[in-house]
Protein chains: 2
Amino acid sequence: MAVTIKDVAKKANVSISTVSRVLSNSPKISEQTKRHVRKVIKELGYHANLTARSLVQQTTRTIGIVMKNSSREALHTTFLPEVLGGITAITSKYEFSIRLAIGESEEEIFQDVTKMVQGKQVDGVIVLYSKKDDPVINYLKDSQIPFVILGRPTKDINKITFVDNDNRQAAMDATNYIIQLGHKRIAYIGDDTKFEVAKLRITGFRQAILDNGLKLQENFIKYINGNYEEGFEAVRELMSLPNRPTAIVLSDDINALIVLSALSNLAIKIPEDVSIISFNNSTIARITYPRLTTVDVQVYQLGQEAAKAIIEQVNEPNVIKKSLLIPTVIIERESCKKLTTVNEI
Amino acid sequence: MAVTIKDVAKKANVSISTVSRVLSNSPKISEQTKRHVRKVIKELGYHANLTARSLVQQTTRTIGIVMKNSSREALHTTFLPEVLGGITAITSKYEFSIRLAIGESEEEIFQDVTKMVQGKQVDGVIVLYSKKDDPVINYLKDSQIPFVILGRPTKDINKITFVDNDNRQAAMDATNYIIQLGHKRIAYIGDDTKFEVAKLRITGFRQAILDNGLKLQENFIKYINGNYEEGFEAVRELMSLPNRPTAIVLSDDINALIVLSALSNLAIKIPEDVSIISFNNSTIARITYPRLTTVDVQVYQLGQEAAKAIIEQVNEPNVIKKSLLIPTVIIERESCKKLTTVNEI
DNA sequence: TTGTACGCGTTATCAA
DNA sequence: TTGATAACGCGTACAA
């Protein structure tokens, strides 16, 4: 059996409450006893049992993190390590720890989350995705427990704390960037609109095209969902059009690499023949040839802010639920070219 | 305040022990009371407080996962989601849950791990890396708690349970594969030998070259550590050699993409001019052009086996510590070419 | 400044 | 088949 507070008390010839007070560094204990008790604690190698502490304090100092583990999510390469990095930078500063709810199926995740929440194993929850009619999110809403969504909620925007980029604006920025380089025939290749982020990005793209008085060609928009073959097919179609695009906006770096491969296969040069701009600024964007101009969504920051938000809510349950939009920034590399001659345009 | 076992007992007009027995589905309780109590449980939305249960049962049914979050690790793209997927596939089957110890610095990780272990918050630990003289691993060894390393321990091989690939053998396999395609001048580009896995792969490469009676050229071996510029430089040097290599073995898909980019920059064609084979079979390998022939190390399986091993140890502390080597498999794609004419060779 | 005693929500032991 | 009660390890109101 491990050493408990009793053992310390006995060996130090004090009561367990005294030991407890020393642990919390109570000012009511004389420096002398503190020194003595601490010495005994060290000698015995004592560490407080956090389970017992949780039980009596009715708080766990633990945050639950919910993530989907679908294959498509896994593709987001550095997203997971980066966001966890951001989250833990904050949680470890405030001495919170982390519990995970992953799972293959929606059902499994749901079980994990309810177990965690009902079982009183966490004080708050961060959800790493946003999806329409998601049972987990609906459950959390009813459960009273503080939670934060990383992504834009599909409804109850004002009642849910969330941390996100302004993905619509970011897509507009990316598209405007391309337009300012002189491009007029611009395609979009990305994911379908099941997840909010995909929906917002395509919306932003459309908006920017229209705002600039360009023609919005529906056959310039392709959904490939990270699929290699579909990507090749989409690019082939796009490039065999009589007035083919001179630039492509990509929804993320994975899709961008697929398109890069497809263009390379067709011996089409980047950025000479086609410019491409992408999202996420993941590792991939930094090591392709040419390296990708991409919108950095600052995943690490997103993680940090989500963690700050949930800890704040846990500490002060009645604080108003304020949500946060993290700015995005375009990282210029070598995949975009300025069009100059009329001929090119 | 949440609903407790007391509330259920009161409303059901039974004692709390009866409720507790219903929860564990004890055969000593009549079907009738079971039905009644379960109904009340449902009505009140009662869920057992797992913290209290942990306290009395002296077990948490929770596994701690330790990972490094250094930038180089983050590069492993799909490693983290995949290994977590494998682990949780098993843990959720056995109704274990998961606690995370990440951290920017070695010091932070160490704090997290000790807190988790001393605080009795986990029954066992999985360490997702293997490194020489690592304080966390040394601590775990002394702490009595069951733990499993995903990777090959640097010492005490027989006293530590670990799950790994035979990375030396895998590198030999990859090199032999290339050799059997007729290549004789084969280069290796990878990471330096700080981590065990890198060390073992370069060792296997050397061995295969020697075993096949080929000449081991030291200037055919380059360390680039996932760095783009260093990768370009290494490739440039290699390709400007009078008798340049016809094939390159890469330590992982990230380094492979860098080399692919560098070769593309030099207008050297794959696999026509140079064949490349890589490790990990991550998403990247499936979406480059050409797609990469790569050694699948089966990260998901590694995660599963690590989870199985730790749960077994938790359940039966005295079981002998058997370690496991997960077989690797070469996934053939389009980045390797068979050499036929003497001229090519 | 320190100690006593109770309670946190369970499970387990012993009676009934 | 059920109930009363003592743990589990800790924090804290109340006493001293």
Side-chain angles (χ1 to χ4, degrees), chain A residues 1-41 44-62 95 115-123, chain B residues 1-38 40-41 44-62 95 97 115-123:
Chain A
M1 185 56 68
V3 29
T4 75
I5 201 172
K6 266 189 201 162
D7 304 318
V8 178
K10 192 176 292 174
K11 177 146 187 197
N13 275 318
V14 294
S15 71
I16 54 171
S17 34
T18 301
V19 179
S20 177
R21 289 188 183 107
V22 172
L23 287 177
S24 58
N25 199 18
S26 157
K28 309 188 147 196
I29 300 287
S30 75
E31 275 308 319
Q32 195 179 348
T33 17
K34 277 188 187 172
R35 263 197 303 277
H36 176 55
V37 171
R38 283 188 184 128
K39 196 175 140 221
V40 174
I41 286 178
L44 295 179
Y46 167 77
H47 283 261
N49 182 320
L50 299 179
T51 304
R53 182 176 287 171
S54 285
L55 187 58
V56 53
Q57 306 211 128
Q58 298 290 65
T59 159
T60 61
R61 290 196 85 78
T62 299
E95 303 198 49
K115 185 174 160 191
M116 188 143 93
V117 173
Q118 315 266 34
K120 299 275 177 299
Q121 299 192 107
V122 294
D123 293 343
Chain B
M1 185 58 66
V3 28
T4 75
I5 200 173
K6 267 187 200 163
D7 304 318
V8 177
K10 192 176 291 173
K11 176 147 189 195
N13 274 319
V14 294
S15 71
I16 55 171
S17 9
T18 301
V19 179
S20 178
R21 288 190 183 104
V22 172
L23 286 176
S24 57
N25 199 19
S26 157
K28 311 189 147 193
I29 299 287
S30 74
E31 275 308 320
Q32 195 181 348
T33 22
K34 275 188 188 174
R35 264 198 302 279
H36 176 57
V37 171
R38 283 187 184 128
V40 174
I41 285 178
L44 295 179
Y46 166 77
H47 283 262
N49 181 319
L50 299 178
T51 305
R53 183 177 286 170
S54 285
L55 185 59
V56 56
Q57 304 207 129
Q58 298 288 64
T59 159
T60 61
R61 291 196 85 75
T62 299
E95 303 199 47
S97 48
K115 185 174 160 190
M116 183 144 97
V117 173
Q118 315 266 34
K120 299 274 178 299
Q121 299 192 108
V122 294
D123 292 343

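Here is how names work: the chains are called A, B, and so on, in the same order as the sequence lines, proteins then strands, and each is numbered from 1.
- Rotation axes derived from the C1' atoms of the five outermost pairs at either end of the helix from dT1(C)-dA16(D) to dA16(C)-dT1(D) lie 40° apart, to the nearest 10°.
- Residue Ser15(A) has a polar side-chain atom (N or O) positioned under 4.0 Å from OP1 or OP2 of dG3(C).
- Within 4.0 Å (heavy atoms only), Ser20(A) reaches at least one base atom of the nucleic acid.
- The side chain of Thr33(B) contributes an N or O atom lying less than 4.0 Å from OP1 or OP2 of dT2(D).
- Residue contacts shown for Val14(A) are limited to sugar-phosphate atoms, with no base heavy atom under 4.0 Å away.
- Between Gln57(A) and the phosphate of dC8(C), there is no side-chain N or O to OP1/OP2 separation shorter than 4.0 Å.
- In this model, the phosphate group of dC8(D) is not approached by any side-chain N or O of Ser54(B) to a distance below 4.0 Å at OP1 or OP2.
- At whole-Å resolution of the value, CD in Gln58(B) and P in dT10(C) are 17 Å apart.
- When heavy atoms are screened at a 4.0 angstrom cut-off, Ser24(B) is found touching no nucleic acid atom at all.
- Residue contacts shown for Lys120(B) are absent, as no nucleic acid heavy atom lies under 4.0 Å away.
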Nucleotide N/O of nucleotides 13-16 of chain D paired with protein N/O under 3.5 Å:
unit_1  : atom_1 : unit_2   : atom_2 : d
dA13(D) : N6     : Arg21(A) : NH2    : 3.0

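- Whole-Å rounding puts the Lys28(A) NZ to dT12(D) C1' distance at 10 Å.
- At the heavy-atom level, Ile29(A) lies under 4.0 Å from the strands shown only through sugar-phosphate atoms.
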